[in-house]
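Here is the structure we will look at, set down as structure tokens.
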Amino acid sequence: QVHLVESGGGLVQAGESLRLSCVASGSISGIKTMGWYRQAPGKQRELVADITTDGVTNYVDFVKGRFTTSRNNAGNRVYLQMNSLKPEDTAVYYCNALVRPWGSVFHQNYWGQGTQVTVSS
């Protein structure tokens with residue numbers, strides 16, 4: 001059984017920063033790409049950033065230069081440092097990981113429960 005748990009969300013003013021953390025735990029054989037998605041009310045979930053096991057990152061254009069994702073492979077953790085936050089960043093942020101559970105030959109997408117990020121103007 002695999003679990004992803006996010007933390008670090010909160011309410012901040014525009015221009016401030018937050019650091020999100022996600023930990024993958026459970027019966028895990030391996031993890032490939034980990035990433036962050038967000039979903040604002042009434043909108044579809046969208047990719048924010050992801051990162052490979054080798055540290056290669058990918059960012060949505062809107063967050064480039066403001067957000068940074070990193071990971072700790074030994075601890076099965078992924079982070080999202082969010083700087084210069086804007087009200088438009090307000091959303092529930094979800095951790096995602098491509099995980100191979102023990103006993104499986106396939107990697108599967110797993111999701112965290114989400115953490116709320118609210119940015120006031």
(message) Does any part of the side chain of Asn73, heavy atoms only, come nearer than 4.5 Å to the side chain of Arg71, both counted from C-beta?
(response) yes
(request) Answer yes if the side chains of Asp50 and Thr33 hold a donor-acceptor pair under 3.5 Å, and no otherwise. (result) no
(request) Can you see which heavy atom on Gln113 is nearest to which on Leu4, and at what distance? (result) OE1-O, 3.5 Å
(message) Under a 3.5 Å cutoff, is there a donor and acceptor pairing between the side chains of Thr90 and Glu88?
(response) no
(message) I'd like to check Leu80 versus Val48 (side-chain heavy atoms, cut-off strictly below 4.5 Å). Are they in contact?
(response) yes
(message) Could you measure the distance from the CG atom of Leu20 to the OG atom of Ser7? Nearest 0.5 Å is fine.
(response) 8.0 Å
(message) If I compare all heavy atoms of Pro101 with all of Tyr110, which pair ends up nearest, and what's the gap?
(response) CG-OH, 3.2 Å
(request) Return the minimal non-hydrogen interatomic distance between Val23 and Arg77, and the atom names on each side. (result) CG2-NH1, 2.9 Å
(request) Look at the side chain of Glu6 and the backbone N and O of Cys95, then say whether any donor-acceptor pair between them is shorter than 3.5 Å. (result) yes
(message) Testing the basics here: between Ser84 and Ser17, what is the closest heavy-atom pair and its distance to 0.1 Å?
(response) N-OG, 4.2 Å
(message) If hydrophobic clusters are built by linking Ile, Leu, Val, Met, Phe, Trp and Tyr wherever their side-chain heavy atoms come under 4.5 Å apart, do Val60 and Val119 end up in the same one?
(response) yes
(request) Mark yes or no for whether Tyr59, through its side chain, and Thr69, through its backbone, hold a donor-acceptor pair below 3.5 Å. (result) yes
(message) Counting C-beta onward and ignoring hydrogens, is there a side-chain heavy-atom pair between Ser27 and Gln1 closer than 4.5 Å?
(response) no
(message) Could you tell me if Gln44 and Gln39 have a donor-acceptor pair between their side chains, going purely by distance under 3.5 Å?
(response) no
(message) Testing the basics here: between Val117 and Met82, what is the closest heavy-atom pair and its distance to 0.1 Å?
(response) CG2-CE, 3.8 Å
(request) Give the ring-plane orientation class for Trp111 versus Tyr37, where under 30° counts as parallel, over 60° as perpendicular and anything between as tilted. (result) perpendicular
(message) Using side-chain heavy atoms (C-beta onward) and a distance below 4.5 Å, is Trp36 in contact with Asn96?
(response) no
(request) Please check if the side chain of Thr115 supplies one atom and the backbone of Gly9 the other of a donor-acceptor pair under 3.5 Å. (result) yes
(message) If I take atom OG1 from residue Thr57 and atom CZ from residue Phe67, how far apart are they, to the nearest 0.5 angstrom?
(response) 14.0 Å
(request) Consider only side-chain heavy atoms of I, L, V, M, F, W and Y, link residues closer than 4.5 Å, and tell whether Leu85 and Phe62 are in one cluster. (result) yes
(request) Could you tell me whether a side-chain N or O of Asn72 sits under 3.5 Å from a main-chain N or O of Ala74, the two making a donor and an acceptor? (result) yes
(request) Check whether NZ of the Lys or CZ of the Arg Arg100 lies under 6.0 Å from the centre of the six-membered ring of Phe106 and within 45 degrees of that ring's axis. (result) no
(request) Over all heavy atoms of both residues, which pair between Pro87 and Ala14 is shortest? Give the atoms and the distance, please. (result) CD-CB, 4.1 Å
(message) Between the side chains of Asp89 and Lys86, is the shortest nitrogen-to-carboxylate-oxygen separation below 4.0 Å, so that they form an ion pair?
(response) no
(request) Taking Arg38 for its side chain and Ala91 for its backbone only, find out whether a donor-acceptor pair lies under 3.5 Å. (result) no
(request) Indicate yes or no: at least one non-hydrogen side-chain atom of Ile51 is less than 4.5 angstrom from one of Val56. (result) no
(request) Could you tell me whether the side chain of Trp102 and the main chain of Ile28 form a donor-acceptor pair under 3.5 Å? (result) yes
(message) Using a 6.0 Å distance limit plus a 45 degree cone around the ring axis, check whether Arg19 lies over the aromatic ring of Tyr79.
(response) yes
(request) Indicate, with yes or no, if Val92 and Leu47 share a hydrophobic cluster defined by side-chain heavy-atom contacts under 4.5 Å among Ile, Leu, Val, Met, Phe, Trp and Tyr. (result) yes
